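Indexing begins at 1, ligand by ligand and atom by atom, following the structure's order. In what follows, every heavy atom counts, from backbone to side chain, and hydrogens, waters and symmetry copies are set aside. Just so we're clear, the structure is a prediction, and the values are computed from it rather than from any experiment.
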Amino acid sequence: MKIIEVDNYEQMSLEAAELIANRLNEHNEFVLGLATGGTPEGAYHLLIEWNKQRKLSFKHVTTFNLDEYIGLDREHESSYYYFMMNKLFNHIDINKDKIHIPNGLAMNLAEECARYEEAIASAGGIDLQVLGIGQNGHIAFNEPGTSFDSKTHVIELTPSTREVNARFFNDPKEVPTKAITMGIESIMSSGELLLLVSGKEKADAMKRLIDGNISEDFPASALKQHPSFTVIADREALSKVK
Ligand code: PGA
């Protein structure tokens, strides 16, 4: 695990966007795993700017998102599909056929999970996966207790996750109770992992990630076993680490 400590959110976003841009520029074809949430937004904003300035292209990039709520329409402003289109995909030169986000409205969710795994495999696997961490240590929507052997699956969101994510909804009651998420093993199969962390709300999670044991009670701890795992975290997020 390589930890890059930065001053604040802006610095984290810049470091992350530079790492992603470097990888995209180094390869003719690239499979990029993406995350939603407040954390990666700043990095996406920079990638959009650099794409507009032609410093960076996404024409050769295939993307896979980590997760999606079950039961939300794509047009729902809190769906991850809507987030990704508005915060990134609508503003860059990516081929829309190369975007993948789990379908949380699929009639057969088990089939959808299997289809998603197959799509990742047929793309040749994910080269770089961008991640955030939940206050409870979840990675994507893999809540505490999820098997490290898990592939894309349906998960019941914990009350604490629903509470934390209520800020993205008009009414907390609207937060779905379930989601489709790539599993821990699906994430660990990526060539490289990049975890972005900012803010004091994440300080306890970072302490446990860095100073604690590897355990299924704390999903993010699995990442420490990955040979190419980089964390970019700001001072507040690292304030409780020994
Ligand atoms: P956040 O979400 O970026 O909105 O903090 C991270 C997560 O829950 O994984």
Side-chain angles (χ1 to χ4, degrees), residues 6 8-17 20 33-47 64-70 72 77-84 86-88 101-102 104 126 129-146 150 152-153 155-169 172 174-184 186-188 190 193-210 217-224 229-240:
V6 294
N8 51 36
Y9 181 83
E10 287 67 34
Q11 205 68 41
M12 178 205 71
S13 303
L14 179 62
E15 287 275 342
I20 297 166
L34 293 169
T36 49
T39 310
E41 265 199 69
Y44 295 165
H45 190 75
L46 289 168
L47 293 173
F64 285 91
N65 264 81
L66 287 168
D67 45 16
E68 176 62 284
Y69 289 112
I70 289 177
L72 290 193
E77 289 182 16
S78 308
S79 76
Y80 286 168
Y81 180 91
Y82 190 95
F83 176 100
M84 288 309 301
N86 285 284
K87 303 288 184 188
L88 186 63
I101 302 174
I126 293 169
Q129 176 66 60
V130 178
L131 298 158
I133 186 171
Q135 293 178 28
N136 65 356
H138 72 211
I139 286 293
F141 270 139
N142 294 289
E143 299 281 30
T146 304
S150 51
T152 301
H153 62 288
I155 189 112
E156 176 110 21
L157 301 174
T158 61
S160 73
T161 293
R162 295 184 64 230
E163 207 172 291
V164 170
N165 284 11
R167 69 189 192 282
F168 296 114
F169 290 78
E174 274 183 45
V175 185
T177 55
K178 289 184 178 176
I180 295 186
T181 181
M182 273 168 58
I184 311 252
S186 335
I187 292 167
M188 290 292 282
S190 310
L193 304 178
L194 174 63
L195 174 65
L196 307 183
V197 198
S198 170
K200 58 181 184 321
E201 299 78 14
K202 302 287 172 72
D204 287 320
M206 288 313 281
K207 178 176 171 48
R208 194 158 169 201
L209 173 67
I210 295 169
D217 293 341
F218 194 73
S221 64
L223 309 179
K224 295 205 279 189
F229 172 38
T230 302
V231 182
I232 305 177
D234 67 12
R235 203 160 284 164
E236 281 190 354
L238 292 171
S239 58
K240 293 191 178 171

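Using bins of under 30°, 30° to 60° and over 60° for the plane-to-plane angle, the ring pair Tyr69/Tyr80 lands in the tilted bin.
Scored by the salt bridge (Lys or Arg N to Asp or Glu O under 4.0 Å) test, Glu10 finds no partners at all (sequence neighbours excluded). In terms of the salt bridge (Lys or Arg N to Asp or Glu O under 4.0 Å) criterion, residue partners of Lys207 (sequence neighbours excluded) are, by chain and number, Asp211. Among residues two or more places apart in sequence or in another chain, the salt bridge (Lys or Arg N to Asp or Glu O under 4.0 Å) test is passed with Asp217 by none.
Between the side chains of His138 and Thr161, at least one donor-acceptor pair of N or O atoms lies under 3.5 Å. A side-chain donor from one of Asn136 and Glu143 sits under 3.5 Å from a side-chain acceptor of the other.
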Pairs under 3.5 angstrom, nitrogen or oxygen on both sides, ligand 1 versus protein: list them out, please.
from, atom 1, to, atom 2, distance (Å)
ligand 1, 3 (O), Gly38, N, 3.3
ligand 1, 3 (O), Thr39, N, 2.9
ligand 1, 3 (O), Thr39, OG1, 2.4
ligand 1, 4 (O), Gly38, N, 2.9
ligand 1, 4 (O), Arg167, NH2, 2.8
ligand 1, 5 (O), Thr39, OG1, 3.4
ligand 1, 5 (O), Lys202, NZ, 2.7
ligand 1, 8 (O), His138, NE2, 2.7
ligand 1, 9 (O), His138, NE2, 3.3

